[in-house]
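Okay, structure first, notes after.
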Amino acid sequence: MSGDSKSGEWECNDALKTWVSNRLLALLGFSSPEFVEFAIGLAKQATSAADVVGKLEEYGLAFSDDLYLFAEEIFSKVPWKVSPRKQKTYENEDGTTGSGKAVFEDQIEFIKESMLKVDDEMSIESPQISKAKSKLETLHEDWRTLPIYAHRDSLLKAIEEHQVLVIVGETGSGKTTQIPQYLHEAGYTKRGKVACTQPRRFAAMSVAARVSQEMDIKLGHEVGYSIRFEDCTSEKTVLKYMTDGKLLRELLGEPDLASYSVIMVDEAHERTVSTDVLFGLLKDIARFRKDIKILISSATPDASKFSDFFDCAPIYRISGRRYPVEIQYTKAPVADYLDAAIVAVLQIHVTQPPGDILVFLTGQEEIESAEEILKHKISGFGSEIPELVICKIFSNLPAELQAKIFQPIPIGSRKVVLATNIAEASLTIDGINYVIDPGFCKMESYNPRTGMESLQVTSISKASADQRAGRSGRTGPGKCFRLCTADSYKTKLDDNTPPEIQRTNLTSVVLSLKILGIQNLLNFDFMDPPSNEALLKALELLFALGALNKLGEVTKVGRQMAGFPLDPMLSKMIVASDKYKCSDEVISIAAMLSVGNSIFYRPKGEQVHADHARMSFHTGNVGDHIALMNVYNSWRETNYSTQWCYENYIQVRSMRRARDIRDQLERLIERVEIELTGCPNDLQAIKKAITSGFFSHSARLQNYGSYRTVKHPRIVHIHPSSGLADNFPRWVVYHEVVLTTKEYMRNVTELKPQWLVEIAPHYYQMKDVEDA
DNA sequence: GAGCACTGC
């Protein structure tokens, strides 16, 4: 990246940088361009040497005489005045620069609102294709009535004239399916492939299927899709739909995207981590590849942010087809939103014309209790009130139960769907006329200082509330009932949800960017930069894992690790398994861990049986990691039996996913020259491999069953779902800590303290692990 | 002795 040159008079000289780097090496044993800049930045802003020390301590460095000396020296060496350069990376309060706004906006054309129903979120399986016409004819007609059709020529002209174009179009405008076809017809595919990225696998698959139908060719020939575990493309493929994460992976192997002539980033407003990283990389690629076209497509009307980021790229607007949605607020604040939501459902049911209801709730538990209360209430209704069919949907609901929301209901009855955020963007239910929105969701946040994740109920943003409201206006005019006052909507809600990249652990992103040769990540052009703290934490961990050397450069181990689509700690565990000759077992464990926490199933009323089944995999107090391996192996022995899963209270879907991941890992280890070897009877080898990845997650027993993490001391507890919950080993290594009612370690295995010094001598000293 | 919103590689 060539981003450093613009920093103006504050560009610090190389001698200063070298000096700081050397001091950091002495102090931390680790340095990198990012740390150097961080330290210099601190010193610039500080008012005294003590201030520098304070800030360094805040960041997590232990106080020492050396640290103080360093602070004094750096404070005196770095000139102290307020930086004149635009600090885009630090404060980003007001993004409205105003000046550079869309040169293109006066050229915007609106066409008449078409009311036809075709959809790029779409359901290709719809059997409702007119019998009188051939399938193809119908498709072509749809295509001519899409709002985008009238824009074809002016859109192509705009793409021709500008390297980067921001396209705004509501869902239903047809942009996802049509633009790549236009580009193909205009000859862009002669110079290279056209990629169109989607945040979700299903969207990539179904849109590709739709387009291949429209073009009347076999899916996988000229039009194909590529997602994890499934590459449906061939040498012929010129229109390639793919997930954004998949393109990022491809970029690691082809940093200039030489085989592509156009990249269209669709659904950019969703701001997934992958999309955000792609933004920065594409902006850079566009600088030295003048022949590549970048299209950023978003459904948010306010696209100025995208335009500003891409150096005032023009904005092109395409109208969509939306029915009006009437929004109602409560007159007074509601005390209990669940209660209020239930009352609202009943009121709509009794007083409003036909049409189904969608209620947004925060999670499974809430949905299930709402379901119970509703059932109870309607049981008291007389026969003159039509039937109310209650459906629920959340991602952990088994697939066969999920399908129920699409089943037809008796004529004259009404459906109410209790849903999590899954119904906000990922999944569309037809026939919804009423939306009830209490205005909350569960959101993950990540604290880089403690490395802890927590999932908390939070108010949604205005953007999110509008998206939810829009769900009622898809097939006809809709109504949305917001369970807050109009005033609190206006004043209390943020405009936008903070992008995921600012709420997540960045270790894996940072490793990828380092592989791509980004020297200094603090200067990387993020649209909304994550905090320096989060970036530095990621660098520190990568150094500890041996993925980066002392100077912040990627090592051989780092390259091996980057070969796996996993969290770097898991990747390191696999790389280390080569040494301990247990890669066969370790990739199973890695696959099971990366599936997450949805393997064991614990239905209401059957908890005792479920817990009993789960404990049967823990024989011998082997620890949770080995137990996961036992689960996988037992399942494999039954030839991947679904019945076996039911009997053992295990989620089939999760197991199948684990199998997919494991298969992929098995293929990948070869590429980084790791041999597939097993050591079924040597649990110690396996545990040592685990420790090689997770040594920074170690904890020792305190009094009364609580634990203290070794490196950055915190009090934590073994999660009750762990096989070791009643066992209290003196030393443990854990997969993660989550904050719920307490700080719980999830997935725990016993450890010998001397392993820590043996495996990570750069991280632990004897004094850290001496038994007190 | 307790709870997983949603994606993705």
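Naming: A, B, ... by sequence-line order, numbering from 1 per chain.
Comparing B:dT7, B:dA5, B:dC9 against the side chain of A:K246 picks out B:dC9 as the nearest. Here the nucleotide nearest the side chain of A:D611, chosen from B:dA2, B:dC9, B:dA5, is B:dA2. Taking every side-chain heavy atom of A:S426 into account, B:dC6 is the closest of B:dC6, B:dG1, B:dC9. For A:T741, the side-chain atoms get nearest to B:dA2 when compared with the rest of B:dA2, B:dA5, B:dG8. When each of B:dA2, B:dC6, B:dC9 is scored by its nearest atom to the side-chain atoms of A:S721, the top-ranked nucleotide is B:dA2. Taking every side-chain heavy atom of A:T243 into account, B:dC9 is the closest of B:dC6, B:dA2, B:dC9. Minimum atom distance to the side chain of A:Y744 is reached by B:dG3, of the listed B:dG3, B:dA5, B:dT7.
Across all strands shown, A:F564 has no heavy atoms under 4.0 Å from either base or sugar-phosphate atoms. Across all strands shown, A:T362 has heavy atoms under 4.0 Å from sugar-phosphate atoms exclusively, and none from any base. Among the atoms of the strands shown, base atoms are found under 4.0 Å from some heavy atom of A:L455. Residue A:R228 is classed as a base contact, given a heavy-atom separation below 4.0 Å to a base. Residue A:E444 is in base contact, counting any heavy-atom pair closer than 4.0 Å across all strands shown.
We find the OH-CZ distance between A:Y649 and A:R614 to be 12.5 Å, quoted to the nearest 0.5 Å.
Within a 6.0 Å sphere centred on OH of A:Y601, other residues, nucleotides and ligands contribute 12 heavy atoms or fewer. Within 6.0 Å of CZ on A:F406 lie more than 12 heavy atoms contributed by other residues, nucleotides or ligands.
Rounding to whole angstrom units, CD of residue A:E500 and C1' of B:dA5 are separated by 11 Å. Put simply, NZ on A:K442 is 7 Å from C1' on B:dA5, counting in whole angstrom units. When rounded to the nearest whole Å, the span between CD of A:E743 and P of B:dA2 equals 15 Å. Across the protein-nucleic acid pair, A:F728 atom CZ and B:dG1 atom C1' stand 10 Å apart, rounded to whole Å. In this structure, CG of A:L739 is placed 16 Å from C1' of B:dA5, rounded to the nearest angstrom. At whole-Å resolution of the value, CZ in A:F202 and P in B:dT7 are 12 Å apart. To the nearest angstrom, C1' of B:dG8 lies 7 Å from CG of A:D244.
Dashed line: the shortest gap from a side-chain N or O of A:T740 to OP1 or OP2 of B:dG3 is under 4.0 Å. Between A:R201 and B:dC9 there is a side-chain polar atom (N or O) within less than 4.0 angstrom of OP1 or OP2.
Of the residues in residues 651-664 of chain A, none has a non-hydrogen atom less than 4.0 angstrom from any atom of DNA chain B.
Salt-bridge check for A:D494 with A:K462: failed, with every basic side-chain N at 4.0 Å or more from each acidic carboxylate O. With respect to A:K305 and A:D528, a salt bridge is recorded, a charged nitrogen being found less than 4.0 Å from a carboxylate O.
Aromatic pair A:H735/A:F694: ring centres closer than 6.0 Å.
When the nearest nucleotides of DNA chain B are assigned to A:P720 and A:R746 by heavy-atom distance, the more 5′-ward of the two goes with A:P720. The nearest heavy atom of DNA chain B to A:I227 and to A:S598 marks one nucleotide each, and the one closer to the 5' end goes with A:S598.
Looking at A:T362, its side chain never comes within 3.5 Å of a backbone N or O of A:C441 through a donor-acceptor pair.
Considering only heavy atoms from C-beta on, A:P565 comes within 4.5 Å of A:Q664 through its side chain.
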